[in-house]
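Computed from heavy atoms alone, side chains included, the values below leave out hydrogens, waters and symmetry copies. Lettering of chains follows the sequences in order, A, B, ..., and the numbering in each one begins at 1. Since we're looking at a predicted model, the values are computed, not measured.
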2 protein chains.
Amino acid sequence: MVVETELTDDEVDRIFRALADATRRDIVRRTLTAQPSISELAEYYAMSFAAVQKHVVVLEKADLITKRTQGRTTLVTANPVAIARAKGLLDKYEQLWHSRVTQLDSLLAQESP
Amino acid sequence: MVVETELTDDEVDRIFRALADATRRDIVRRTLTAQPSISELAEYYAMSFAAVQKHVVVLEKADLITKRTQGRTTLVTANPVAIARAKGLLDKYEQLWHSRVTQLDSLLAQESP
DNA sequence: GTAACGTACAACCAAATGGTTGTAGAAACT
DNA sequence: AGTTTCTACAACCATTTGGTTGTACGTTAC
């Protein structure tokens, strides 16, 4: 079963933009298998807490992660559905490419009947 | 068979960054099924030739397309291998997420022997 | 109650991005 | 030869990005 992708250009922009940064990709990775708080995440990176928090905001606006406030902490969880959607987009491209090959095939078939 | 992905952070940055723009995604789409010249591509978009040319440069540096000079024109072809690599990265994330689920499963299994 | 912790957010700054126009050169057409 | 076409690239500009520090506020711990 294929994941339904009804994404606007802006949404796709935000998803790929969010993934175009190594720190943010690492945050996605970590939050796929755990639910760290923002300050826990910040310990891993050589930058300020505020910088990490801004990365989390970018990921949240791309819907790649969701935040859940737990007392005074904010737990971060990756959203695999958004990842699957991004993959679905790339799948469309690959299918397009395969269609080119089949078009070429049928063209060759026409040329040598 | 899985596509081998030995990509540096910078390379991944460039790939996702290149895909984070609707015009560039459209160029990729078009060059998957055809090999237009840059000026042909430029006709589709409400921007200058130079702007389109710069988009092509961004895609080329991400290895998402390759240029081939044909006389005085430059033909643009998408590189589906790079697309497959990007998909491979997202696949890794999904696998990571699935591993979390199985970890949780085994944890539950431990708790209720 | 007070101190410490975790988060949010504003203001600021340097660098990158996405667009523009202009110039120059190679290839093709007459 | 001269003109047109296509491409490359520089210079410039406004906006966005990715980082910083500082401040404020709710929650937890003593």
Does B:Gln53 place a side-chain N or O at less than 4.0 Å from the phosphate oxygens OP1/OP2 of D:dA8? yes
Spacing of B:Lys61 atom NZ relative to D:dA8 atom C1', expressed in whole Å: 12 Å
So, OP1 or OP2 of D:dC6: does either fall under 4.0 Å of a side-chain N or O from B:Thr74? no
Distance in angstrom units between A:Ile65 CD1 and C:dT7 C1', rounded: 14 Å
Whole-Å gap separating P (D:dC6) and CZ (B:Arg68): 17 Å
Are A:Leu75 and B:Leu96 connected, step by step, through hydrophobic side chains (Ile, Leu, Val, Met, Phe, Trp, Tyr) whose heavy atoms are closer than 4.5 Å? no
What is the distance, rounded to the nearest whole Å, between atom CZ of B:Phe16 and atom P of C:dT17? 16 Å
Spell out, yes or no, whether A:Leu41 and A:Leu19 are grouped together once hydrophobic residues are joined by side-chain heavy atoms under 4.5 Å, including indirect joins. yes
With rounding to the nearest 0.5 Å, note down the distance linking CG in B:Leu59 to CG in B:Asn79. 11.0 Å
Supply the atom-to-atom distance A:Ile27 CD1 to A:Leu32 CG, rounded to the nearest 0.5 angstrom. 12.0 Å
Between B:Leu64 and B:Ala18, which heavy-atom pair has the shortest distance, and what is it? CD1-CB, 3.8 Å
Is there a salt bridge (Lys or Arg N to Asp or Glu O under 4.0 Å) between A:Asp26 and A:Arg30 once you walk through the steps? CA-CA 6 Å; A:Asp26 196 68; A:Arg30 291 182 187 279; 2.8 Å; yes
For the pair made of CD in A:Glu40 and P in C:dC5, what is the distance, rounded to whole Å? 15 Å
Taking only N/O atoms, report every protein-nucleotides 15-25 of chain D pair under 3.5 Å with atom names and distance.
unit_1, atom_1, unit_2, atom_2, d
D:dG18, OP1, A:Arg24, NH2, 3.3
D:dG18, OP2, A:Arg24, NH1, 3.1
D:dG19, OP2, A:His55, NE2, 2.2
D:dG19, N7, A:Lys54, NZ, 2.8
D:dG19, O6, A:Lys54, NZ, 2.3
D:dT20, OP1, A:Ser48, N, 3.3
D:dT20, OP2, A:Ser48, N, 2.8
D:dT20, OP2, A:Ser48, OG, 2.6

Nearest-nucleotide 5' precedence on DNA chain C, B:Gly71 against A:Thr73: A:Thr73
For A:Arg72 and for B:Ser37, find the nucleotide of DNA chain D with the closest heavy atom, then tell me which residue's nucleotide is more 5'. B:Ser37
In whole Å, I'd like the distance from the CG atom of B:Leu75 to the C1' atom of D:dT5. 15 Å
Could you give the CD-to-C1' distance, from B:Gln70 to C:dA28, as a whole number of Å? 13 Å
Heavy-atom check, side chain of A:Ile83 versus side chain of A:Lys87, under 4.5 Å: no
Does a side-chain N or O of B:Lys67 approach OP1 or OP2 of D:dT7 to a distance below 4.0 Å, or not? no
Report yes if at least one side-chain N or O of B:Ser39 is closer than 4.0 Å to OP1 or OP2 of D:dT7; otherwise report no. yes
How many Å lie between CD1 on A:Ile38 and C1' on C:dA8, as a whole number? 9 Å
